There are 2 protein chains.
Amino acid sequence: MARPRTPLLSRERIVAAALRLIDDEGLDALSTRRLATELSVSGPSLYNHFATKDDLLDAVVDSVIGEVDLSMFGAAAGAVGDAGAAGSTGSTGGAWPQALRDWARSYRAALAAHPNIVPVLAQGPGRRPNALRLADAVFGHLVESGWPRGQATRIGALMRYFVTGSALASFAAGFPADAEVYDAADYPHLGEAHRLAGHRGTVDEGAFETGLEALLDGLALRYARLAERP
Amino acid sequence: MARPRTPLLSRERIVAAALRLIDDEGLDALSTRRLATELSVSGPSLYNHFATKDDLLDAVVDSVIGEVDLSMFGAAAGAVGDAGAAGSTGSTGGAWPQALRDWARSYRAALAAHPNIVPVLAQGPGRRPNALRLADAVFGHLVESGWPRGQATRIGALMRYFVTGSALASFAAGFPADAEVYDAADYPHLGEAHRLAGHRGTVDEGAFETGLEALLDGLALRYARLAERP
DNA sequence: ACCTGAACACCGTTCAAGT
DNA sequence: ACCTGAACACCGTTCAAGT
């Protein structure tokens with residue numbers, strides 16, 4: 001068979017299969033030949049839909065970012081000259097911590113569902129539309145909440161540091177469950193570390209929530225100082 | 001030539017060359033054949049010193065972690081039953097935020113010097129001695145400063161999230177310097193984003209410092225609450 | 001336009017052979 | 001013990017050929 005009447009592949013089908021492969025077997029398991037086999041086509045077929053493997057990865061990454069909820073940024077993310085906010089900084093100012101909290105949780109959930117692709121995604125938005133939309137929404141909301149532009153940039157960055165770091169890999173699962181690893185002579189305080197992996201979910205969730213609330217508290221202190229000396 | 005009188009390779013030489021290659025050309029550029037060429041030997045020679053490529057990567061990662069300063073954790077990291085601290089939690093309690101600050105800066109500096117290897121390193125300590133020593137020192141210091149063990153674990157985790165996230169990739173450099181990318185219709189607040197890459201160093205440094213201080217402030221609030229209700 | 005097989009320059013790793 | 005070349009089963013990508 002050469003060209004079929006209805007195409008065997010589509011960008012969507014390829015992206016979905018690639019993400020599944022990455023999730024199940026890791027980034028290294030994604031080869032164009034393996035992916036093609038998974039899709040019951042020959043290797044070079046993929047090049048009718050993506051110029052390179054990197055282009056394909058970009059599409060996979062942006063599909064993951066597209067899962068992040070941005071609705072909490074409301075008017076700030078959508079049309080600019082909207083009803084309530086209207087230029088002034090005072091009225092909606094109090095809402096930013098809750099918006100940031102909701103967004104961070106959704107952001108982390110989307111990434112943590114696909115940890116193997118986080119290293120790619122962490123390289124920045126590049127030219128990927130969903131990633132740029134996300135950056136735009138966060139920055140816009142912070143500025144319209146009264147944060148100076150320079151501070152808003154830094155907050156967008158530091159939130160991304162924290163969220164990507166937390167989704168990149170499980171902290172708890174990084175400690176071998178084998179108790180023999182933790183020789184008391186070398187690591188006097190890690191006597192219980194072999195239990196961490198077993199509590200993977202709660203440890204990582206607890207660390208994320210503690211860090212998120214600590215960050216928001218720390219930022220609220222700085223926000224209050226903005227009003228004091230304008 | 002088969003076996004030379006003095007070995008051509010050593011683990012140290014291989015690790016150093018591998019790290020240089022990763023730094024200069026990225027993780028994908030590290031192939032055993034390419035690395036062997038760089039070291040003027042044939043590909044399979046490396047297998048006399050490392051069982052697999054993953055083993056070699058482990059050694060590279062641990063050499064990077066070995067650069068992190070842990071001296072601020074002082075007695076807590078070294079011998080346990082030392083002079084001053086002596087079991088009680090009150091006296092040295094106030095020192096933990098400064099120790100955490102100094103450590104986080106050294107940790108980030110060590111990782112940010114080799115961003116291309118951070119994804120590997122973020123998988124956790126595994127069985128790498130320097131990574132386990134680091135985890136031991138942080139956890140031990142927090143516990144001896146009066147933090148409950150569960151909280152100390154979470155703080156170790158969240159600090160690692162933040163530091164690895166900040167070292168994984170430059171936030172600023174992730175935004176293309178090409179102004180055409182930021183169509184005002186799609187991204188109304190990113191009109192200046194094309195300048196970010198040019199201020200890479202200051203943006204990332206500022207975001208890291210802001211996030212670090214916010215985290216420490218937030219944690220200090222929680223530490224104060226520990227004393228209130230014991 | 002969209003698929004195929006053949007081909008090119010790569011990979012990680014094993015293994016027998018050399019000293 | 002430590003290096004080599006040959007070999008195996010893989011890669012990403014190009015390209016001419018098919019419909």
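All heavy atoms count here, side chains included; hydrogens, waters and symmetry mates do not. Numbered from 1 within each chain, the chains take letters A, B, ... in sequence-line order. Bear in mind the structure is a predicted one, so any value in this text is a computation, not a measurement.
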Report the distance from atom [atom1] of [X] to atom [atom2] of [N], rounded to the nearest whole Å.
X     : N      : atom1 : atom2 : result
A:E25 : D:dC11 : CD    : P     : 11 Å
A:Y47 : D:dT13 : OH    : C1'   : 5 Å
B:R33 : D:dA7  : CZ    : P     : 13 Å
B:L46 : C:dT14 : CG    : P     : 13 Å
B:L8  : D:dA1  : CG    : P     : 17 Å
A:K53 : C:dC10 : NZ    : P     : 17 Å
A:R34 : C:dG12 : CZ    : P     : 19 Å
B:F50 : D:dA1  : CZ    : P     : 18 Å

Ring centers of A:Y161, B:Y161 separated by less than 6.0 Å:
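Centroid distance A:Y161-B:Y161: not below 6.0 Å, so no.
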Cation-pi, A:Y187 ring and B:R133 (6.0 angstrom, 45 degrees)
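No, B:R133 and A:Y187 do not form such a contact.
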Could you check whether A:R160 makes a cation-pi contact with B:F171, meaning its NZ or CZ is under 6.0 Å from the centre of the six-membered ring and within 45° of the ring axis?
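Geometry flag: not set, cation outside 6.0 Å or 45°.
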Hey, does B:L30 reach any base, or is it just sugar-phosphate, or nothing, if we go heavy atoms under 4.0 Å?
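Sugar-phosphate: the residue B:L30, judged by heavy atoms under 4.0 Å, touches backbone atoms but no base.
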Under 4.0 Å between a side-chain nitrogen and a carboxylate oxygen: does that hold for [X] and [Y]?
X      : Y      : answer
B:R108 : B:E205 : yes
A:D69  : A:R105 : no
A:E209 : B:R154 : no

Could you verify whether a donor N or O on one side chain and an acceptor N or O on the other, from A:H194 and A:E180, lie under 3.5 Å apart?
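No donor-acceptor contact under 3.5 Å links the two side chains.
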Considering only side-chain heavy atoms of A:T32, which listed nucleotide, D:dT4, D:dT13, C:dC3, is closest?
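Taking heavy atoms from C-beta onward, the closest nucleotide is D:dT13.
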Nearest-nucleotide pick for A:V41, side chain only, options being C:dC11, C:dT4, D:dC11:
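Comparing C:dC11, C:dT4, D:dC11 against the side chain of A:V41, the answer is C:dT4.
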Give the dot-bracket string for DNA chain C, reading 5' to 3', where a pair is Watson-Crick or G-U wobble with both distances under 3.5 Å, ( ) marks pairs inside the strand, [ ] marks pairs crossing earlier ones, | marks a partner on another strand, and . marks unpaired.
||.|||||...|||||.||
Within the side chain of [X], is there an N or O that forms a donor-acceptor pair under 3.5 Å with the backbone of [Y]?
X      : Y      : value
B:R195 : B:G191 : no
B:T202 : B:H199 : yes
A:N130 : A:D62  : yes

Which residue, B:H141, B:E144, B:R149, forms the side-chain hydrogen bond (donor to acceptor under 3.5 Å, both in side chains) with A:H189?
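Considering B:H141, B:E144, B:R149, a side-chain hydrogen bond (donor to acceptor under 3.5 Å, both in side chains) with A:H189 is found only for B:E144.
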Please state whether the phosphate of [N], meaning OP1 or OP2, lies under 4.0 angstrom from any side-chain nitrogen or oxygen of [X].
X     : N     : value
B:S45 : D:dC2 : no
A:H49 : C:dC3 : yes
B:S42 : D:dC3 : no

For the CG atom of B:D136 and the CG atom of A:L190, what is their distance to the nearest 0.5 Å?
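B:D136 atom CG to A:L190 atom CG measures 4.0 Å (nearest 0.5 Å).
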Select from A:A29 and A:P44 the residue whose nearest nucleotide in DNA chain D is closer to the 5' end of that strand.
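That would be A:A29.
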Among residues 10-21 of chain A, which residues get a heavy atom nearer than 4.0 Å to DNA chain D?
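Correct list: empty, so none.
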For nucleotides 17-19 of chain C, give me every protein contact, N/O to N/O, under 3.5 Å, one pair per line with atom names.
unit_1 : atom_1 : unit_2 : atom_2 : d
C:dG18 : N2     : B:R3   : N      : 3.0

